[in-house]
Amino acid sequence: MTLPALRLSGRRLLSSAAFKPPSRQQRMSAAPPSILIDAALRGVLVALLLLLALVLGRDRPRLPAARAGVVMAIGLVVQVVGSAPMVEALVPWFWQVPLVAVSVGNAVLFWVFVQALFEDDFVLRRMHVAAWAMVAVLVAFNCAVAAGSASVLAPITLVLQRAVPLVFAVLAALAAASHWREDLVERRRRLRVFIVVTGIGYSVAMVAVRLASPQGRLSGMSATADVAMLLLIVAAVAWRMVRLAGSELFPLAQVPAMLAAAPAVRAAVIAPLTPAAEPGAVTVPDAAEDRLAESLQHLMAVDRAYRSEDLSIASLAVRLAVPEYRLRRLINRRLGHRNFNAFVNGFRLAEAMAALADPGKRDLPVLTIALTAGFQSIGPFNRAFKLATGLTPTEFRKQKLADS
């Protein structure tokens with residue numbers, strides 16, 4: 001057969017149905033099962049994160065914890081998509097820089113979210129934004145250095161980048177564990193423990209895997225294990241947050257906890273403790289709880305136990321001869337307080353306000369009033385007073401004495 005005939009025969013074969021490019025369905029059916037499983041897990045995780053962001057943004061748009069949760073959920077979506085093995089293998093490194101920056105920055109967002117979730121008076125500060133920006137710059141620099149594989153700085157910057165998530169995971173765990181005993185919401189206390197364990201465990205595992213892999217990239221199996229672990233954690237946290245009532249997870253009012261607590265505590269000093277039932281709810285009298293409430297009222301309002309600098313939920317429970325969980329439940333469910341320190345500081349502020357408004361004590365130093373009420377120093381007293389009243393103690397005293 002001549003050369004033209006061979007060429008003509010080849011064209012006919014290529015144009016026949018037997019040599020048509022495979023369809024999308026054929027390509028999908030020929031894909032390895034591990035790739036399909038990885039894609040399915042990532043799809044489910046992205047859908048769950050977007051749903052969580054939608055619920056938080058819709059129900060509590062003004063709360064710092066909800067806003068931090070929305071931003072973190074969106075950041076995790078970027079991380080899930082950007083860490084897909086095909087994206088890391090096919091997308092040029094300079095297009096991956098923003099994806100990697102957001103992924104590593106999620107460690108900072110997780111730290112901020114934990115603080116906002118467990119601190120009722122949390123306020124977003126410039127240092128939080130600065131921490132995220134510094135991490136983004138570090139990641140960009142690392143990507144630029146890593147592009148030159150011959151650079152001696154590449155291993156150093158790679159280790160530094162992998163250490164950032166671990167550092168902020170530890171900070172988030174410390175934030176979740178901080179004031180754990182003072183947290184009066186029992187279900188939220190259990191959520192703290194879960195976040196501490198899973199947050200540190202996931203971060204340590206992923207940092208170890210990435211440090212052991214070439215260029216810090218995850219292989220097919222490890223990438224799938226990563227997304228599966230992240231899916232389990234997000235699903236568990238979302239489920240626990242859904243089970244928590246709105247008042248258990250977030251403050252009822254859009255005001256700092258101390259500001260909401262101080263008026264209620266001042267009323268509690270004057271009147272007996274009464275159950276704080278929701279409208280329409282039917283309360284069943286509990287004689288044992290009533291006796292405990294009366295004992296707590298006497299101990300705080302008459303004996304002024306709040307003046308003790310080292311007062312804790314444990315020491316107060318010992319003085320009342322009851323288990324901690326019963327006292328915690330009483331203060332939380334019956335009096336409506338979410339934090340033990342806010343409950344105690346409310347009594348201290350009430351005494352300090354009464355002393356500052358008393359004309360007979362106009363010459364008494366503010367520091368003496370603060371220490372007598374139970375505050376350990378003037379700094380925490382001034383901050384708590386400003387948060388509760390909007391005035392400094394000196395301004396409050398001038399205003400009250402002028403009115404009298």
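L320 CG to L316 CG: the interatomic distance, rounded to the nearest 0.5 Å, is 5.0 Å. A distance of 10.5 Å separates CG of D303 from CD of Q297, quoted to the nearest 0.5 Å. Between the CG atom in L117 and the CE atom in M72 there is a gap of 9.0 Å [rounded to 0.5 Å]. Summarising the geometry, atom CD belonging to E186 is positioned 10.5 Å from atom OH belonging to Y325; distances are rounded to the nearest 0.5 Å. Atom CG of L76 and atom CG of L49 lie 5.5 Å apart (nearest 0.5 Å). Of the inter-residue distances, the one linking F118 atom CZ with R338 atom CZ reads 10.5 Å to the nearest 0.5 angstrom.
Under the side chain to side chain donor-acceptor pair (under 3.5 Å) criterion, D183 pairs with R188, R192, not counting sequence neighbours. Under the side chain to side chain donor-acceptor pair (under 3.5 Å) criterion, T368 pairs with no residue at all, not counting sequence neighbours. Partners of Q79 by side chain to side chain donor-acceptor pair (under 3.5 Å), not counting sequence neighbours, listed by chain and number: N106. A search for side-chain contact (heavy atoms from CB on, under 4.5 Å) contacts involving R326 returns A288, L292, V322, P323, R329, not counting sequence neighbours. Every residue two or more places apart in sequence or in another chain that forms a side chain to side chain donor-acceptor pair (under 3.5 Å) with T392 is listed here: E395. For F340, the ring-ring contact (aromatic ring centres under 6.0 Å, His included) test picks out no residue, with sequence neighbours left out. Partners of F168 according to the ring-ring contact (aromatic ring centres under 6.0 Å, His included) rule, which considers only residues two or more places apart in sequence or in another chain, are W111.
Nearest heavy atom pair, residue V70 against residue L56, reads CG2-CB, 3.9 Å. When all heavy atoms are compared, the tightest approach of N382 to P393 is OD1-CG, 3.3 Å.
Residue pairs satisfying the side-chain hydrogen bond (donor to acceptor under 3.5 Å, both in side chains) criterion with at least one member in residues 131-141, sequence neighbours excluded, are absent. Among pairs with a residue in residues 44-64, none fulfils ring-ring contact (aromatic ring centres under 6.0 Å, His included), at least two apart in sequence or across chains. Within the structure, salt bridge (charged side-chain N to carboxylate O under 4.0 Å, His left out) pairs that include any residue of residues 349-369 comprise R307-E351 (at least two apart or interchain). Residue pairs that meet the ring-ring contact (aromatic ring centres under 6.0 Å, His included) test with at least one member in residues 361-404, sequence neighbours left out, are F375-F381, F381-F385, F385-F396. Pairs passing the side-chain hydrogen bond (donor to acceptor under 3.5 Å, both in side chains) check and including a residue from residues 310-319, sequence neighbours excluded, read S308-D310, S312-S315.
Checked by atom type and distance alone, the side chain of N332 pairs as donor or acceptor with a backbone atom of H337 at under 3.5 Å.
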Start with the C-alpha distance between N345 and Y306, add both sets of side-chain angles, then the distance that settles side chain to side chain donor-acceptor pair (under 3.5 Å), and finish with yes or no.
-> CA-CA 8 Å; N345 283 345; Y306 58 85; over 6 Å; no

Between I233 and M229, is a side-chain contact (heavy atoms from CB on, under 4.5 Å) present by the stated rule, with each step listed?
-> CA-CA 6 Å; I233 294 174; M229 189 183 306; 4.3 Å; yes

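A heavy-atom distance below 4.5 Å is found between the side chains of L45 and V227.
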